[in-house]
2 protein chains.
Amino acid sequence: MVSMSLEQTPARIANVLREQIITGELSMGSKLNEREIAERLQVSRIPVREALPILESEGFISSQPRRGAVVHALTLTDAAELFDLRRQLEPMASAFAARRAAAGADVAPMLEALRTARGAIAPVSSTLHTVAEVAPPSTRNSDLHEEIINLADHALLHRVTKLMSGRVRWLFRLTPQRDTTAMWVEHREIVDAIVAGQADVAELLTAAHVERGRFESMPLLAELLPSAAPAALRRRRKAS
Amino acid sequence: MVSMSLEQTPARIANVLREQIITGELSMGSKLNEREIAERLQVSRIPVREALPILESEGFISSQPRRGAVVHALTLTDAAELFDLRRQLEPMASAFAARRAAAGADVAPMLEALRTARGAIAPVSSTLHTVAEVAPPSTRNSDLHEEIINLADHALLHRVTKLMSGRVRWLFRLTPQRDTTAMWVEHREIVDAIVAGQADVAELLTAAHVERGRFESMPLLAELLPSAAPAALRRRRKAS
DNA sequence: GGATGCTGTCTGGTATGCCAAATGGCGGGT
DNA sequence: ACCCGCCATTTGGCATACCAGACAGCATCC
């Protein structure tokens, strides 16, 4: 390898594969061969071997001892479980963020993320920020949530959330976008409550936000995903 | 390597190091040298390199790109954050477990763990189970919590919880045990609510259980742990 | 005498190569 | 014709070896 980006190689490999999984370039269920990936990315197998556990911890792939790794096939249960955890953690994050804001923490990055998210819906020329790379709304929303987490200044929460954020983006990518204007209003209300230091309000609004997302998304996902992992998918794969 | 246990080598190495960290055999702040560990455990550096990220994800060590890994020095903030997360996740686990129990799931393993935990306090001869290895109460409590998680049958919750369980044991090991009889009563009440399928009751009892633990443990931990990681601990380490 | 640059060494990062377990095809036996 | 077992190939697991960045000590220059 001649050129080296600033981030570590295993992390870079994990990022590449993660994006390929999220975009569907690597379809669910497809096998991941260490040698093939190593050759494709022009690295040796070692950093690949270190990248795969990262993706496994984030729930993108599942690997068994001597049988290799495959891209995890998302199920409706996975989606429901993700909403379950977000239901617990995101309200907590908003509450902590509100307390931090009340204590004088800098809320500017969060506000900026909110503006950017709004810009992704209806570009407002008043702000005049050059949107070099037009990221999809799902990424923008993730940015806002991430800034709330950052504001919460809670290392453990940050770690756990980061573990789930990839899957959230993956599912959002699959889900036909819900009404983004309404969602922006919800986001604004949450941010307002945080900035005002109203921890309880922010917590409840965020809980409602998550549950609304579940209510709107699950029916759509129900038509896209199998309800559970077919455990009887071992032998007899000739017809597939 | 001549003999190979059934679990994978990196996981085995992580287990060994984890126990050594929890028991204090590896003191906080001590450096972890890949070659030294590899030689000590009679393996090569590769599985060691794969074990360290596991411990890092569980918060036992912190490593920087080219500067190696050190055993994380627990702070009071770490303890508080752990209680914060447990406050959100354990009540959720109890609620899910209660719903599963109401749906007819097998509650026997949980009851067995409860009995075993009680046995660790006042051995009752009526149950007549041979306690081959006398594990410390902290481990027994972890077993009960783990069984509740298992009963909840929630893959994502299980994953996130497993990420935190190591640190919980680590802190419990440091904390002078709180009154175990009262704790057993709390445990029994929670289990009773779960078995009865009373999700709301189980959830609230568990929340109270966590908060009681926080209330009793934090003052003790405050005398054992530094309040925060000393960021100004880079240069000038000659006197230490 | 103090600060700065250089160099040696330590340690982590990556590549290559070998080994063993698992899988699938093929041949022989019933 | 079907089933069972053997063998080859695939593929992951681990060990060894090499490379590069980081840090400490020393020498040198200011």
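Per chain, numbering begins at 1; letters A, B, ... match sequence-line order. The figures here come from the full heavy-atom set of this structure, side chains too, leaving out hydrogens, waters and symmetry mates.
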* Asked: So what does A/L52 touch, heavy atoms closer than 4.0 Å: a base, only the sugar-phosphate, or nothing?
  -> nothing
* Euclidean distance, atom CG of residue A/N33 to atom P of C/dT23 [Å, nearest integer] -> 15 Å
* Value in whole Å for how far the C1' atom of C/dG12 lies from CD of B/Q64 -> 13 Å
* Whole-Å distance between D/dT11 C1' and A/I61 CD1? -> 15 Å
* Do the side-chain N or O atoms of A/T9 get closer than 4.0 angstrom to the phosphate oxygens (OP1, OP2) of C/dT14? -> yes
* Structure fact -> Rounded to whole Å, the CD-C1' distance (B/E50 to C/dT14) equals 13 Å
* Between B/T77 and B/S227, is there a donor-acceptor pair closer than 3.5 Å when you use the side chain of the first and the backbone of the second? -> yes
* Could you tell me whether the side chains of A/D153 and A/H158 share a donor-acceptor contact shorter than 3.5 Å? => no
* Can you tell me the distance, in whole Å, between the CZ atom of A/R49 and the C1' atom of C/dG17? => 14 Å
* To do: Return the 5'-most residue of the pair A/K31, B/S44 with respect to DNA chain D, ranking by each residue's nearest nucleotide.
  => A/K31
* To do: Please check if any side-chain donor atom of B/R12 sits under 3.5 Å from a side-chain acceptor atom of B/N15, or the reverse.
  => no
* salt_bridge(A/R49, B/E50) N-O dist < 4.0 Å -> yes
* To do: Give the rounded distance in Å between these two atoms: CD of A/E36 and P of D/dT11.
  => 9 Å
* Kindly indicate whether the side chain of A/R35 and the base of D/dG12 share any N or O donor-acceptor pair separated by less than 3.5 Å? => yes
* From C/dG13, D/dC14, C/dA21, pick the nucleotide closest to the side chain of B/R45? -> C/dG13
* B/R67 (side chain) and D/dG21 (base): donor-acceptor pair under 3.5 Å -> no
* Measure the distance from CZ on A/R12 to C1' on C/dT14 and round it to the nearest whole Å. => 12 Å
* Asked: Want to settle it: does A/I46 or A/A69 sit nearer the 5' end of DNA chain D, counting the closest nucleotide to each?
  -> A/A69
* Would you kindly give the CG-to-P distance between B/L41 and D/dC14, to the nearest whole Å? => 13 Å
* Structure fact -> Taking D/dG21, C/dT14, D/dG12 as options, the one with an atom nearest any side-chain atom of B/R66 is D/dG21
* May I ask you to say whether A/E56 pairs ionically with B/R159, meaning some side-chain N is under 4.0 Å from a carboxylate O? => no
* **Nearest-neighbour nucleotide for the A/P47 side chain, D/dA15, C/dA15, D/dG12 considered** => C/dA15
